[in-house]
A.B. asks: 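Got a structure here, written out as structure tokens. Questions coming.
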2 protein chains.
Amino acid sequence: MSTNSDEAANYSSSKYRTPDGAPADIVIFTITSTPRRTTKKSLPNRKLEVLLIQRKGWPFEGQWALPGGFSKETETLLDSAKRELEEETGVKDIHIEYFNAYSTPGRDPRGWIISHAYFALVHEQYLASRRADDDAADVRLFSVDEAMGMDLAFDHHAILADALQQIQSKMLTTTIARQFLPEAFTIGELYQVIQAVVPSFEERNFIRKITSTQSRKGIIEEVLGRNGERLQSNQYSQRAAQLYRFTDSVPRLSIYS
Amino acid sequence: MSTNSDEAANYSSSKYRTPDGAPADIVIFTITSTPRRTTKKSLPNRKLEVLLIQRKGWPFEGQWALPGGFSKETETLLDSAKRELEEETGVKDIHIEYFNAYSTPGRDPRGWIISHAYFALVHEQYLASRRADDDAADVRLFSVDEAMGMDLAFDHHAILADALQQIQSKMLTTTIARQFLPEAFTIGELYQVIQAVVPSFEERNFIRKITSTQSRKGIIEEVLGRNGERLQSNQYSQRAAQLYRFTDSVPRLSIYS
DNA sequence: ACAATAGTGTCTGTCAGACAATATTGC
DNA sequence: GCAATATTGTCTGACAGACACTATTGT
């Protein structure tokens with residue numbers, strides 16, 4: 001009876017056509033804040049942005065594309081995506097999530113290449129250095145609206161569209177909003193983050209629902225100081241606002257109950 | 001300036017290690033009904049089952065595994081998965097959905113093989129022929145509980161576990177229950193299907209919530225005959241029950257509203 | 001009559017949605 | 001005082017959750 005390695009050697013001698021690569025592409029989202037021009041303290045304008053790179057070589061030379069790179073045999077796709085993310089942004093240990101694979105024949109002129117798409121959520125402070133060298137760079141943040149209107153390389157337009165749908169859905173059904181916020185935040189900030197990702201979101205009694213509705217009360221909690229006093233912030237307003245943090249509770253949703 | 005094909009030819013001469021295949025594996029779920037032994041009409045027992053095949057050759061010869069097969073350069077992964085699904089079950093045009101990729105190095109002794117996992121939901125009537133030749137077959141339905149306790153080939157245990165989590169989540173947040181039900185069904189049947197997939201689901205006032213709660217009323221509707229009379233069924237009960245069908249409305253859930 | 005499922009009555013406390021009103025405080 | 005945001009008051013109709021109760025009909 002033959003050993004495994006014999007069989008493997010035997011197997012690999014087959015002449016099936018095999019893929020020419022398995023890259024991971026990453027849709028890196030961030031929310032940028034720009035102060036409003038008012039005489040009083042006010043909430044900043046927040047905008048959902050996505051990081052694109054300008055391609056240097058064939059194919060699609062000069063066009064903007066999602067950052068990505070070929071994965072290696074010795075790593076998982078997630079490792080590959082994380083590596084790429086760190087190369088582009090300099091940060092690691094960031095929320096990153098797989099969402100789809102793209103395999104339409106001919107999608108990549110280099111050959112049979114199935115791309116694996118991740119999205120990552122990065123706090124804007126981590127991208128501060130990037131934003132300094134802004135105009136002439138080959139790595140830039142674009143507003144999502146703008147990016148959706150561009151002629152991106154490969155099928156990256158479709159990938160971006162899918163990623164956007166993902167993040168919008170997850171923004172409303174999970175607590176990923178925390179990825180764009182500091183540990184302690186005000187209700188106003190949270191509301192803005194949700195609206196930056198899902199512009200159609202509107203909830204008149206937001207503060208009331210999230211703080212005093214029994215069924216939703218669990219997802220955030222008041223931040224208390226060491227003496228049990230409630231910590232507040234007046235960073236964005238004259239009147240100080242209560243600070244909250246996300247709890248560890250995982251919301252469960254159902255259309256049937 | 002060189003043409004694209006020149007560049008492609010030039011590019012493909014690179015000697016990067018490339019994957020040895022990109023298979024699609026499919027977790028095929030169905031819900032089987034077995035009549036209860038009662039003297040009166042009664043609802044059947046429903047059980048969530050998954051289709052497994054017994055491997056014929058190296059590697060993992062003799063072990064049970066998820067059905068799957070290598071995709072080709074000329075098809076998308078979805079096409080490949082659909083083809084495989086039809087080969088195993090004889091049915092097509094069935095709900096099939098991508099949910100993850102598996103790329104841990106060494107997961108497949110045949111080489112560097114990234115597997116793409118789909119789940120499919122098949123109405124039990126389509127698998128009726130399979131169930132005839134039951135015991136000695138190399139293709140069989142297992143209850144999910146049983147399958148989760150087996151030593152499956154490759155990392156198929158993890159894939160199955162992920163698929164189960166997916167389908168449970170989607171059962172409660174989307175209308176995939178329709179895939180396991182006839183066009184017109186009773187509330188009792190719907191309740192059973194949900195419970196077959198999510199055993200912990202329990203909703204005392206189920207009929208009331210789903211039929212008369214304003215916010216949920218849209219997802220199913222009464223089935224009416226040609227004269228506007230309400231159609232009922234007494235297949236499973238002495239007292240006839242109103243028939244319902246799913247509407248086309250897509251439920252939107254949010255933890256913030 | 002009875003088993004098995006289908007569906008309604010009723011009650012209490014909570015929530016949703018709308019909008020007005022008040023609170024706070026740097027400028 | 002004013003602007004800008006934060007937070008509470010108040011009201012009505014709808015819903016949630018619990019449980020008891022009635023309805024239907026083949027066997």
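Naming: A, B, ... by sequence-line order, numbering from 1 per chain.
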A.B. asks: Assign B/Q232 to base, sugar-phosphate, or nothing according to its heavy-atom contacts below 4.0 angstrom with the strands shown.
C.D. replies: nothing
A.B. asks: Let me know the distance between CG of A/N234 and P of D/dA3, rounded to the nearest Å.
C.D. replies: 20 Å
A.B. asks: Can you check the B/E202 CD to D/dG17 C1' distance for me, whole Å?
C.D. replies: 12 Å
A.B. asks: Which of the following nucleotides, C/dG26, D/dA6, C/dT5, is nearest to the side chain of A/R239?
C.D. replies: D/dA6
A.B. asks: Which residue lies toward the 5' end of DNA chain D, B/E203 or B/T39, if each is placed at its nearest nucleotide?
C.D. replies: B/E203
A.B. asks: Send over the distance from B/I207 CD1 to C/dG9 P, rounded to a whole Å.
C.D. replies: 12 Å
A.B. asks: So, is A/R208 near the phosphate of C/dC19, with a side-chain N or O under 4.0 Å from OP1 or OP2?
C.D. replies: no
A.B. asks: Please state whether the phosphate of C/dG17, meaning OP1 or OP2, lies under 4.0 angstrom from any side-chain nitrogen or oxygen of A/K209.
C.D. replies: yes
A.B. asks: Counting C-beta onward and ignoring hydrogens, is there a side-chain heavy-atom pair between B/Y256 and A/E203 closer than 4.5 Å?
C.D. replies: no
A.B. asks: To the nearest angstrom, how far is B/F201 atom CZ from D/dG17 atom P?
C.D. replies: 11 Å
A.B. asks: For B/L243, does its backbone N or O pair with a side-chain atom of B/R230 as donor and acceptor, under 3.5 Å?
C.D. replies: no
A.B. asks: Whole Å only: how far is the CD1 atom of B/I210 from the P atom of C/dG7?
C.D. replies: 12 Å
A.B. asks: Select base, sugar-phosphate, or nothing to describe what A/L43 touches, counting heavy atoms under 4.0 Å on all strands.
C.D. replies: sugar-phosphate
A.B. asks: Mind checking A/Q235 for me? I need base, sugar-phosphate or nothing, with any heavy atom below 4.0 Å counting as a touch.
C.D. replies: nothing
A.B. asks: With nearest nucleotide decided by heavy atoms, which residue, B/T38 or A/A240, maps closer to the 5′ end of DNA chain C?
C.D. replies: B/T38
A.B. asks: Between C1' on D/dT10 and CZ on A/R204, what's the gap in Å once rounded to a whole number?
C.D. replies: 17 Å
A.B. asks: Testing the basics here: between B/H116 and B/Y98, what is the closest heavy-atom pair and its distance to 0.1 Å?
C.D. replies: CD2-OH, 3.3 Å
A.B. asks: In whole angstrom, give the distance that lies between atom NZ of A/K41 and atom P of D/dA6.
C.D. replies: 12 Å
A.B. asks: Only counting residues at least two apart or in another chain, list the ones meeting side chain to side chain donor-acceptor pair (under 3.5 Å) with B/Q238.
C.D. replies: none
A.B. asks: What I want to check is whether an N or O donor and acceptor connect the side chain of A/R230 with the base of D/dT7 at under 3.5 Å.
C.D. replies: no
A.B. asks: Suppose we call a contact any N or O donor and acceptor under 3.5 Å apart; does that hold for the side chain of B/N205 and the base of D/dC15?
C.D. replies: no
A.B. asks: Tell me every residue that passes side chain to side chain contact (heavy atoms under 4.5 Å, CB included) with A/E189, counting only those two or more places apart in sequence or in another chain.
C.D. replies: A/R46, A/L181, A/P182, A/F185, A/T186, A/Y236
A.B. asks: Report the distance from atom CD1 of A/I255 to atom C1' of D/dA16, rounded to the nearest whole Å.
C.D. replies: 18 Å
